[in-house]
Engineer: 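Take this structure, written in structure tokens, and hold onto it; I'll ask about it next.
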Amino acid sequence: MGAEVDYEREIQELKRKLNAVILAHYYQESEIQDVADFVGDSLALAQAAAKTKADVIVFCGVHFMAETAKILNPGKLVLLPDLKAGCSLSDRCPPAAFRAFKEKHPDHFVVSYVNSSAAVKAMSDVICTSSNAVKIVNQVPKDRRILFAPDQHLGRYVMKQTGRDMVLWPGSCIVHEIFSEKRLVQLKVQHPEAEVVAHPECEEAVLRHADYIGSTKGLLDHVLKSPKREFIVVTEAGILHQMKRGAPEKTFIPAPPDNGCSCNECPYMRLNTMEKLYRCMKDKTPELTLPADLQAAALAPLQRMLEWSQ
């Protein structure tokens, strides 16, 4: 048996050697969050990717996030620890099917959630994240009808917040769609003082029990500011790491899904590990690449999102 690798030390050394930046989503395992240069939600990570001066971007998230970084940085090396780290929401919106759906609504302004493939982004007028979806939709010209994809639950939430009618692609996230309303109500009975905070990708039956609905970053900011001491958190459990770091005196209870588990983790996000992160930096592979024409087509709607998010 060889000596164990000190992944944290080796990763820091490789970061200096490569002039690399490590971007990590809140749903990554806690060790990856701790070694990252920047931890955030999809909007903040896109903004960080757009601004970075690093030569190499190492994206600890899922495939569509690394694609976004590559589209915004076509000349840079973008690494993803595990290329199989996909997204159920993106997978449930295949480009060919989306093109056919879009052709049925030819006069619609297309707002696509960032949880989509580069090909779907390229067919869109503007991209949004859960952090800015309401803000983005409010800026769509009032005389334009809207097609929103691929998350129907986020779409319904945005319709309620904006008063805009939208045609919704019937997609959903495997993590957020399996939260159990029944088990959430039971938790509320067990913790009557707890505030329920939920992500808008959850089903409407779950969201109606929430005291606060917001993006991953929105949920984090809310619990840190709230005078409440106890929270039931209805999103991927990775965010609890940052919540506990920011408010160690508060109690955070992960809402259980409808599958017998005590908390809900994204199987795709958890494919990335410290060992894979170290190896991808050491070997400079797997690299995320995209055809130049696809990158160019997807860039305009992403830039529009960044401009509209100012």
Side-chain angles (χ1 to χ4, degrees), residues 26-27 41-43 87-89 92-93 111 113-115 128-138 146-240 242-243 247 250-266:
Y26 289 126
Y27 296 166
D41 63 2
S42 296
L43 175 60
C87 169
S88 60
L89 195 48
R92 289 171 173 183
C93 189
V111 180
Y113 190 28
V114 72
N115 298 42
C128 73
T129 71
S130 53
S131 285
N132 65 13
V134 170
K135 187 175 186 178
I136 295 293
V137 168
N138 273 331
I146 299 172
L147 188 161
F148 187 93
D151 193 284
Q152 60 182 318
H153 303 304
L154 176 62
R156 286 195 194 96
Y157 172 76
V158 172
M159 282 168 68
K160 280 187 175 178
Q161 298 299 306
T162 63
R164 299 292 296 268
D165 191 32
M166 302 193 297
V167 173
L168 305 177
W169 174 270
S172 55
C173 160
I174 58 167
V175 173
H176 290 96
E177 74 182 353
I178 64 167
F179 281 111
S180 165
E181 181 187 16
K182 179 183 176 183
R183 295 184 74 187
L184 176 58
V185 170
Q186 289 170 341
L187 258 188
K188 287 182 71 172
V189 171
Q190 292 165 15
H191 303 273
E193 296 301 311
E195 191 171 34
V196 177
V197 298
H199 195 283
E201 283 182 30
C202 296
E203 293 185 339
E204 207 165 7
V206 168
L207 290 180
R208 67 167 169 251
H209 298 284
D211 301 297
Y212 177 83
I213 299 169
S215 68
T216 322
K217 178 67 161 61
L219 299 182
L220 176 61
D221 290 345
H222 177 78
V223 301
L224 297 183
K225 288 186 292 192
S226 172
K228 290 276 188 175
R229 313 294 288 178
E230 196 172 25
F231 301 87
I232 298 169
V233 182
V234 195
T235 191
E236 211 274 359
I239 188 61
L240 270 67
Q242 296 296 331
M243 290 177 171
K250 295 182 179 181
T251 302
F252 302 101
I253 306 153
D258 203 9
N259 62 4
C261 295
S262 60
C263 69
N264 203 354
E265 295 181 348
C266 173

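The shown structure was predicted, so the numbers you read here are calculated from the model rather than taken from an experiment.
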Engineer: Is Y26 close to E236 at the side-chain level, that is, under 4.5 Å between some pair of heavy atoms?
Structural biologist: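 Contact flag for E236/Y26 side chains = no.
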Engineer: Which heavy atom of A194 sits nearest a heavy atom of D211, and at what distance?
Structural biologist: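 Scanning both residues completely, I find the closest heavy atoms to be O-OD2, 4.2 Å.
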Engineer: Are there more than 12 heavy atoms of other residues, nucleotides or ligands under 6.0 Å from atom CD of Q186?
Structural biologist: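 Count over threshold, so yes.
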Engineer: Looking at every heavy atom in both G171 and L89, which two are closest together, and how far apart are they?
Structural biologist: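 Closest approach of G171 to L89: C-CD1, 3.9 Å.
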Engineer: Nearest heavy-atom pair of F179 and P256: which atoms, and what distance?
Structural biologist: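 Minimum heavy-atom separation between F179 and P256: CD2-O, 3.9 Å.
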Engineer: Considering all heavy atoms of both residues, which atom of V206 and which atom of E181 are nearest to each other, and what is their separation?
Structural biologist: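 The pair with the smallest heavy-atom distance is CG2-N, 4.1 Å.
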Engineer: Going through the checks in order, is the side chain to side chain contact (heavy atoms under 4.5 Å, CB included) test met by Y212 and V223?
Structural biologist: CA-CA 10 Å; Y212 177 83; V223 301; over 6 Å; no
Engineer: Once you round to the nearest 0.5 Å, how far does NE2 of H199 lie from CG of L207?
Structural biologist: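 CG of L207 is found 10.0 Å from NE2 of H199.
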Engineer: Using modelled atom types only, decide if a donor and an acceptor are shared between the side chain of S88 and the backbone of I174 within a distance under 3.5 Å.
Structural biologist: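 Answer holds: yes.
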Engineer: Quick check: do H176 and H153 have side-chain heavy atoms less than 4.5 Å from each other?
Structural biologist: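 Side chain of H176 against side chain of H153, heavy atoms only: no contact under 4.5 Å found.
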Engineer: With a 4.5 Å cut-off on side-chain heavy atoms, are L187 and Q190 touching?
Structural biologist: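 With C-beta onward as the side chain, the pair touches.
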Engineer: With a 3.5 Å distance limit and no angle check, can you tell me whether E203 reaches the backbone of A205 through a side-chain donor-acceptor pair?
Structural biologist: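 No, the answer is negative, given that no donor and acceptor are paired below the 3.5 Å cut-off.
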Engineer: Any side-chain heavy atom of P200 sitting closer than 4.5 Å to one from L154?
Structural biologist: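 Yes, at least one pair of side-chain atoms sits under 4.5 Å.
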Engineer: Is K250 reaching over with its side chain to a backbone N or O of S226, donor-acceptor style, under 3.5 angstrom?
Structural biologist: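 Confirmed, K250 side chain pairs with S226 backbone.
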Engineer: Apply the side-chain contact (heavy atoms from CB on, under 4.5 Å) test between T251 and each candidate in R229, K228, E230; give the one that qualifies.
Structural biologist: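 Considering R229, K228, E230, a side-chain contact (heavy atoms from CB on, under 4.5 Å) with T251 is found only for E230.
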Engineer: Please report the C-alpha distance between V137 and M166 in whole Å, then the side-chain angles of each, then the deciding distance to 0.1 Å, and finally whether the side chain to side chain contact (heavy atoms under 4.5 Å, CB included) criterion is met.
Structural biologist: CA-CA 10 Å; V137 168; M166 302 193 297; 4.1 Å; yes
Engineer: Kindly compute the distance separating OH (Y27) from CG (D41), expressed to the nearest 0.5 Å.
Structural biologist: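 Nearest 0.5 Å value for the OH-CG distance: 8.5 Å.
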Engineer: State the CD1-OG1 distance between I213 and T235, to the nearest 0.5 angstrom.
Structural biologist: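 Interatomic distance, I213 CD1 to T235 OG1, rounded to 0.5 Å: 12.5 Å.
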Engineer: Please report the interatomic distance CD1(I253) to NE2(H191), rounded to the nearest 0.5 Å.
Structural biologist: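 So the gap between those two atoms works out to 4.0 Å.
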Engineer: Any donor-acceptor pair under 3.5 Å linking the side-chain atoms of S130 with those of Y157?
Structural biologist: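 Side chains of Y157 and S130: no pair found under 3.5 Å.
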Engineer: Please lay out, stage by stage, how L219 and I239 fare under the test side chain to side chain contact (heavy atoms under 4.5 Å, CB included).
Structural biologist: CA-CA 9 Å; L219 299 182; I239 188 61; 5.6 Å; no
Engineer: Decide yes or no for M159 and L168: does some side-chain heavy atom of the first lie under 4.5 Å from some side-chain heavy atom of the second?
Structural biologist: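 Yes, their side chains come closer than 4.5 Å.
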Engineer: Distance check, rounded to the nearest 0.5 Å: L43 atom CG versus I136 atom CD1?
Structural biologist: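 Here the interatomic distance stands at 8.5 Å.
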Engineer: On a heavy-atom basis, which atom in A237 and which in E265 lie closest, and how many Å separate them?
Structural biologist: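 Shortest heavy-atom separation between A237 and E265 comes out as CB-CG, 4.4 Å.
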Engineer: Do N132 side-chain atoms and T129 backbone N/O form a donor-acceptor pair below 3.5 Å?
Structural biologist: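 Side chain of N132 to backbone of T129: a pair is present.
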Engineer: Go through it in stages, so that I can follow the logic: the residues are Y113 and E201, the test is side chain to side chain contact (heavy atoms under 4.5 Å, CB included), and I'd like the CA-CA distance, side-chain angles, deciding distance and then a yes or no.
Structural biologist: CA-CA 11 Å; Y113 190 28; E201 283 182 30; 2.5 Å; yes
Engineer: So, does E177 use its side chain to make a donor-acceptor pair with the main chain of S172 at under 3.5 Å?
Structural biologist: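 No, because the side chain of E177 does not come within donor-acceptor range (under 3.5 Å) of the backbone of S172.
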Engineer: Closest heavy-atom contact between A149 and W169?
Structural biologist: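 So the minimum-distance heavy-atom pair works out to CB-CB, 3.5 Å.
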Engineer: Measuring from R156:CZ to Q161:CD, what's the distance to the nearest 0.5 Å?
Structural biologist: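 Rounded to the nearest 0.5 Å, the CZ-CD separation comes out at 14.5 Å.
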Engineer: Should L220 and M243 count as side-chain neighbours, where that means a heavy-atom distance under 4.5 Å?
Structural biologist: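 Sidechains of M243 and L220: in contact.
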